[in-house]
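Residue numbers begin at 1 in each chain, while the letters A, B, ... track the order of the sequences.
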Number of protein chains: 2
Amino acid sequence: MANVNSGDKKISAAVIKRLPRYYRYLSDLIDSGATRVSSKELSETMNTTASQIRQDLSNFGCFGQQGYGYNVVTLYEEIKNILGLKKLYSVAIIGAGNLGQALFNYSGFGKRGFYFVGMFDIDESVIGKTFGNVTVTHLDTLSEFLKNNDVDIAALTIPSHAATEVSEIIFKTNIKGIWNFSHADLDAPEGICVENVHLTDSLMILSYRLKEGIVL
Amino acid sequence: MANVNSGDKKISAAVIKRLPRYYRYLSDLIDSGATRVSSKELSETMNTTASQIRQDLSNFGCFGQQGYGYNVVTLYEEIKNILGLKKLYSVAIIGAGNLGQALFNYSGFGKRGFYFVGMFDIDESVIGKTFGNVTVTHLDTLSEFLKNNDVDIAALTIPSHAATEVSEIIFKTNIKGIWNFSHADLDAPEGICVENVHLTDSLMILSYRLKEGIVL
DNA sequence: TAGATTGTTAATCGATTAACAATC
DNA sequence: TAGATTGTTAATCGATTAACAATC
């Protein structure tokens, strides 16, 4: 029992990476009408161990009850809170090509509290186009835009060769998070988080496993 | 010295995940005209340890030389081979929405040996549209298409609720790899590799780090 | 040759799993 | 109450780092 504190010892990246998946399965459980779940039940659906689930959760507090398990909605809300999803995040899309548009148009992010507030590009053929309530403007206007608007995250959906230059601009603004789809590994200054989505890396890992016949 | 074998002891996922990044940095080194690199130099640019690089590589063979280091091109080619990138992979895109189109139009995959051979959807407004040399056809034709064409990988760029149904179709074909962008966790049968790209998970991890002020 | 750097073995560190007292 | 299940501590397992003999 005990320990309702949090935030002192630092949590390992391995734990954090599992949280969204817990969150997803709990969301499904809510949809299915379940009200309670034990770590054992959850571990069986998620194909992991009950120990790991309890160990992971215990990093953040005591959310369960002996002999009962966890209340599904409560646990869902707790994880939502842990992940920082109780607030809204504004996101600017840098690079309004196919990928930038795909992110913009995917409704799933909005449901989680991420909304898009701007799109920027250097390609004249896309500048001026409107998606939803956002019009693509020239990259030159980015700096000014970020000065006048409160933007939390920049999604970099631009080619690698442009990424370094653009990140220089961003580093001078109030942006605190970069969601980086470009190939480049950015070295961000103190205080800026970079989350990389390297799609090609992911394909190469698949290719390795295909070659080796690893199923996993 | 010794040990030019491979493929007996199994390699940990942690090692595999780092290979594409090595590959990327070696590619940059080639572009910069470098001919040799030591694990120490490489570790400094990549912000890791020389020990880890040597340990990782030693899983696959002896690619370096004492007192010299590694030949950049040779090591690049070795990793290319390890990752299974010496062959071409055909990819079918299931779900021809924004994300599917984005993948199709991104030239970077082609450079690595992945080429797209088909696009499928159920939305009449996109069926019949042509991208490059591929025309979107109805999902009903997928099964037949996969029977008549040699397709290695299916990219699932469809909503979660459709993913299970579509994956059932795929599981009955010769497809060996699934590149899954849908929210769903698929439980694939023996012999089929699934590589998940959960974009929302990645955003949530960023959100966690923003909340906690973790830079990493 | 002497300096540099590998591949590998040993030591350390961290993460996962197992076990169990506490208690609903 | 008796059975179930938690949070936590201890044991195990695996991954990373350090050290070093071998040798280019």
Response to the item:
Between CG of A/Leu57 and P of D/dT5 the distance, given in whole Å, is 16 Å
Worksheet item: Taking five pairs at each end of the helix from C/dG3-D/dC24 to C/dC24-D/dG3, what angle separates the two helix axes (nearest 10°)?
Response: 10°
Fill in: is_close_aromatic(B/Phe116, B/Phe104), centroid dist under 6.0 Å
yes
Fill in: Close residues, residues 33-45 of chain B, relative to DNA chain D [heavy-atom separation under 4.0 Å]
none
Worksheet entry | Minimum side-chain heavy-atom gap A/Leu203-B/Glu195 below 4.5 Å | no
Discussion item. What I'd like to find out is whether the side chain of A/Tyr70 reaches to under 4.5 Å of the side chain of A/Leu26, using heavy atoms alone.
Written reply: no
Item to complete: State, with a plain yes or no, whether a side-chain heavy atom of B/Leu103 is found less than 4.5 Å away from one of B/Phe181.
Response: yes
Worksheet item: Has A/Arg36 got its NZ or CZ under 6.0 Å from the middle of the six-membered ring of A/Tyr68, at an angle within 45 degrees of the ring axis?
Response: yes
Discussion item. In this structure, is the centre-to-centre distance between the rings of A/Trp179 and A/Phe114 below 6.0 Å?
Written reply: no
Worksheet item: Atom CG of B/Asn59 to atom C1' of C/dT6: distance rounded to whole Å?
Response: 15 Å
Worksheet item: Would you call A/Cys193 and B/Leu206 a side-chain contact if the rule is heavy atoms closer than 4.5 Å?
Response: yes
Response to the item:
Between A/Ser51 and B/Tyr70, whichever has its closest DNA chain C nucleotide further toward 5' is B/Tyr70
Discussion item. Is the shortest side-chain heavy-atom distance between B/Leu19 and A/Met204 below 4.5 Å?
Written reply: no
Worksheet entry | Within 45° cone of B/Tyr89 ring axis and under 6.0 Å: B/Lys87 NZ or CZ | yes
Practice prompt. Kindly indicate whether the side chain of A/Ile175, heavy atoms from C-beta on, has any atom under 4.5 Å from the side chain of A/Ile192.
Written response: no
Worksheet item: Does the pair B/Arg18 and B/Arg21 meet the rule for a side chain to side chain contact (heavy atoms under 4.5 Å, CB included), with working shown?
Response: CA-CA 5 Å; B/Arg18 285 189 290 265; B/Arg21 192 154 174 266; 5.5 Å; no
Worksheet item: Has A/Tyr68 got a side-chain N or O lying under 4.0 Å from the OP1 or OP2 atom of D/dG7?
Response: no
For nucleotides 12-16 of chain D, give me every protein contact, N/O to N/O, under 3.5 Å, one pair per line with atom names.
unit_1, atom_1, unit_2, atom_2, d
D/dT16, OP1, B/Arg18, NH1, 3.1
D/dT16, OP2, B/Arg18, NH2, 3.0
D/dT16, O5', B/Gln52, NE2, 3.2

Item to complete: Mind calculating the distance between CG (A/Leu75) and P (D/dG7) to the nearest angstrom?
Response: 9 Å
Worksheet item: Does a side-chain N or O from A/Arg54 land closer than 4.0 Å to OP1 or OP2 of D/dG7, or not?
Response: no
